[in-house]
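Contents: one structure, followed by commentary.
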Amino acid sequence: MSILDLGFLLIVFSSLIPSSSSQLCSAPSSFPSNPTFSACNDLPTLSSSLHWTFDAENATLFFAFTAPPAGEAGWVSWAINPTGVGMLGSQTLIAYRQDDGKMGVQTFNITGYAIKPSPIDFATADLAADFVGGVMRIYGKMFLAKGTTVVNQVWQVGAAVSNRIPVKHEFTPANMNSKGKLDLIRGQSTVTLDSTTRNRNIHGILNAVSWGILLPIGAIFARYLKIFKSADPAWFYVHVVCQTIGYGVGVAGWSTGLKLGNKSKGIQYADHRYIGITLFALGTLQIFALLLRPNKDHKYRFYWNIYHHSIGYTVIVLGIINVFKGLSILDPGNQWKLSYIIFLCAYGAIALLLEVATWIVVLRRKTHKSTKLYDGSNPTNA
């Protein structure tokens with residue numbers, strides 16, 4: 001694997017490390033109920049932040065949560081979950097625009113996926129909300145159990161409210177990873193990745209490395225090294241190794257995608273799925289092509305070459321297309337798509353240079369043969 005491949009792999013793996021899209025805590029904020037807080041964290045997803053002051057002796061939390069809603073008529077929420085790390089069981093505060101047009105805060109004890117306003121397990125006071133500069137803010141104070149220093153927090157944003165009930169939020173990685181632990185004393189927060197998100201990341205990495213990187217690299221070895229006699233048969237073995245490893249990694253990514261699809265019946269990415277199935281089928285045909293490869297002087301070798309080359313280039317093109325579709329689904333950030341575009345540009349530039357070099361070698365060989373025939377150095381011709 002080349003240095004370029006390793007660099008891209010490092011970029012992809014680093015995308016698994018959650019990062020905030022903006023440094024919200026670095027900007028001064030003023031809240032009507034409590035103008036200053038002793039701690040602030042930029043939360044890892046949804047461009048959100050949490051400001052707070054914690055009175056450990058009285059277990060009282062003064063807080064302000066900020067996040068942009070998914071739409072002008074949307075909602076934002078912040079919760080503490082005393083029983084787990086996800087949405088179920090969370091004691092939730094949700095802010096949205098009320099029927100009179102003013103911002104308000106409603107409490108929800110999330111015991112199921114059909115939610116409705118209900119009292120929560122923690123006493124609250126001075127709850128309020130506003131909508132300033134495209135950002136909704138919830139602030140107030142919450143009275144926790146004595147001795148509490150670390151809590152499970154959950155935050156979320158949505159696009160609409162219907163009959164005073166928040167409409168279901170999206171299921172992007174950012175939405176699914178909006179949860180973690182908050183250390184009220186040390187002022188630290190961490191994100192908790194669920195198994196589905198980890199599997200999505202693994203699926204993306206495996207397929208980007210296989211269909212998007214290894215197979216195109218293997219094709220370069222086959223097309224441009226075999227022209228040099230000194231590289232024969234080394235180019236063939238390098239090509240086979242790259243394509244076999246790429247196919248094996250791609251099958252692992254494909255099977256991971258099937259499992260994700262079976263677990264997420266209500267979420268369908270039809271184009272991405274169908275292209276993935278097509279890639280698996282064509283890749284399998286290429287493996288059979290290796291086993292059925294005739295000798296160079298065999299009468300069917302010409303047809304085998306057409307079959308092998310056409311399927312190979314089709315797999316490369318579909319693989320690149322599906323990598324971009326996968327990046328759009330995972331939505332890790334524009335920088336990752338840009339990184340893959342840079343890789344493709346570098347790959348294309350290398351292929352173009354090698355194409356020119358190959359034609360120069362071929363034309364020189366033809367010229368050299370023509371010169372030999374012309375000056376009578378060929379004994380047969382003489």
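Source: prediction; values computed, not measured.
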Exercise. Determine, stepwise, if the pair W78 / F63 fulfils ring pair (Phe, Tyr, Trp, His ring centres under 6.0 Å).
Key: CA-CA 10 Å; W78 182 76; F63 69 92; 5.0 Å; yes
Exercise. Taking all heavy atoms of L93 and all of I138, pick out the closest pair and write down the distance.
Key: O-CD1, 3.6 Å
Practice problem: Answer yes or no: is there a side-chain heavy-atom contact under 4.5 Å between I80 and L61? | Solution: yes
Exercise. Check the angle between the aromatic planes of F343 and Y340 and answer parallel, tilted or perpendicular using the 30° and 60° thresholds.
Key: parallel
Quiz item: Side-chain contact, heavy-atom cut-off 4.5 Å: K141 with T124?
Solution: no
Quiz prompt | Criterion side-chain contact (heavy atoms from CB on, under 4.5 Å) against V241, the qualifying member of I245, T244, V238 | solution = I245
Exercise. Compare every heavy atom of L327 with every heavy atom of K337, then report the nearest pair and how far apart it is.
Key: CA-CD1, 3.8 Å
Practice problem: Applying side chain to side chain contact (heavy atoms under 4.5 Å, CB included), run through I94 and V105 and close with a yes or a no. | Solution: CA-CA 6 Å; I94 301 182; V105 181; over 6 Å; no
Quiz item: More than 12 non-hydrogen atoms from neighbouring residues, nucleotides or ligands closer than 6.0 Å to CG on N58, yes or no?
Solution: yes
Quiz item: At their closest point, which heavy atom of G218 faces which heavy atom of Q243, and how far apart are they?
Solution: CA-OE1, 3.1 Å
Exercise. Check whether the side chains of T83 and N81 place a donor and an acceptor atom closer than 3.5 Å, and report yes or no.
Key: yes
Quiz item: Are any non-hydrogen side-chain atoms of M87 and K179 less than 4.5 angstrom apart?
Solution: no
Exercise. Using distance alone, with no hydrogens and no angle criterion, decide if D130 and Y139 have a side-chain donor and acceptor under 3.5 Å apart.
Key: yes
Quiz item: To the nearest 0.5 Å, how far apart are NE2 in H239 and CG in L215?
Solution: 9.0 Å
Quiz item: For V76 and P68, which heavy atoms make the closest approach, and how far apart are they?
Solution: CG1-C, 4.2 Å
Quiz item: Do F131 and R137 come close enough that some side-chain heavy atom pair is under 4.5 Å?
Solution: no
Practice problem: Carefully, step by step, assess I213 and Y347 under the rule side chain to side chain contact (heavy atoms under 4.5 Å, CB included). | Solution: CA-CA 9 Å; I213 295 179; Y347 175 84; over 6 Å; no
Quiz item: Taking NZ, NE, NH1 and NH2 as the nitrogens, is one of them in R97 or E72 under 4.0 Å from a carboxylate oxygen of the other?
Solution: no
Quiz item: How long is the span from the NE2 atom in H203 to the CG atom in L258, to the nearest 0.5 Å?
Solution: 9.0 Å
Quiz item: Is there side-chain contact between N41 and W52, with at least one heavy-atom pair below 4.5 Å?
Solution: yes
Quiz prompt | Distance-only side-chain donor-acceptor flag, S178 / W155, under 3.5 Å | solution = no
Quiz item: Can you tell me how far the CG atom of L46 sits from the OG atom of S77, to the nearest 0.5 Å?
Solution: 9.5 Å
Quiz item: Side-chain contact, heavy-atom cut-off 4.5 Å: W254 with S210?
Solution: no
Quiz item: Where is the tightest heavy-atom contact between T92 and S90, given as atom of each residue plus distance?
Solution: OG1-OG, 3.0 Å
Practice problem: State, with a plain yes or no, whether a side-chain heavy atom of F62 is found less than 4.5 Å away from one of T60. | Solution: yes
Exercise. Classify the side-chain pair S49/T66 by whether it contains a donor and acceptor separated by less than 3.5 Å.
Key: yes
Exercise. State whether the side chain of N295 and the backbone N or O of D297 hold a donor-acceptor pair below 3.5 Å, judged by distance alone.
Key: no
Self-check item: Minimum-distance pair of heavy atoms, taken over all atoms of V157 and A67
Solution: CG1-CB, 4.0 Å
Quiz item: Hey, what's the ring geometry for H51 with F37, parallel, tilted or perpendicular (30° and 60° as the breaks)?
Solution: tilted
Quiz item: Quick one: do the Y247 and T284 side chains pair a donor with an acceptor below 3.5 Å?
Solution: yes
Quiz item: Is any side-chain heavy atom of M136 closer than 4.5 Å to a side-chain heavy atom of M103?
Solution: yes
Quiz item: Side-chain donor-acceptor pair under 3.5 Å between Q91 and N109, yes or no?
Solution: yes
Practice problem: Give the ring-plane orientation class for W304 versus H308, where under 30° counts as parallel, over 60° as perpendicular and anything between as tilted. | Solution: parallel
Exercise. Taking the six-membered ring of F288 (Phe, Tyr or Trp), confirm whether the NZ or CZ of R293 is under 6.0 Å from its centre and within 45° of its axis.
Key: no
Quiz item: Picking from I321, N322, L279, V249, what satisfies side-chain contact (heavy atoms from CB on, under 4.5 Å) with W211?
Solution: L279
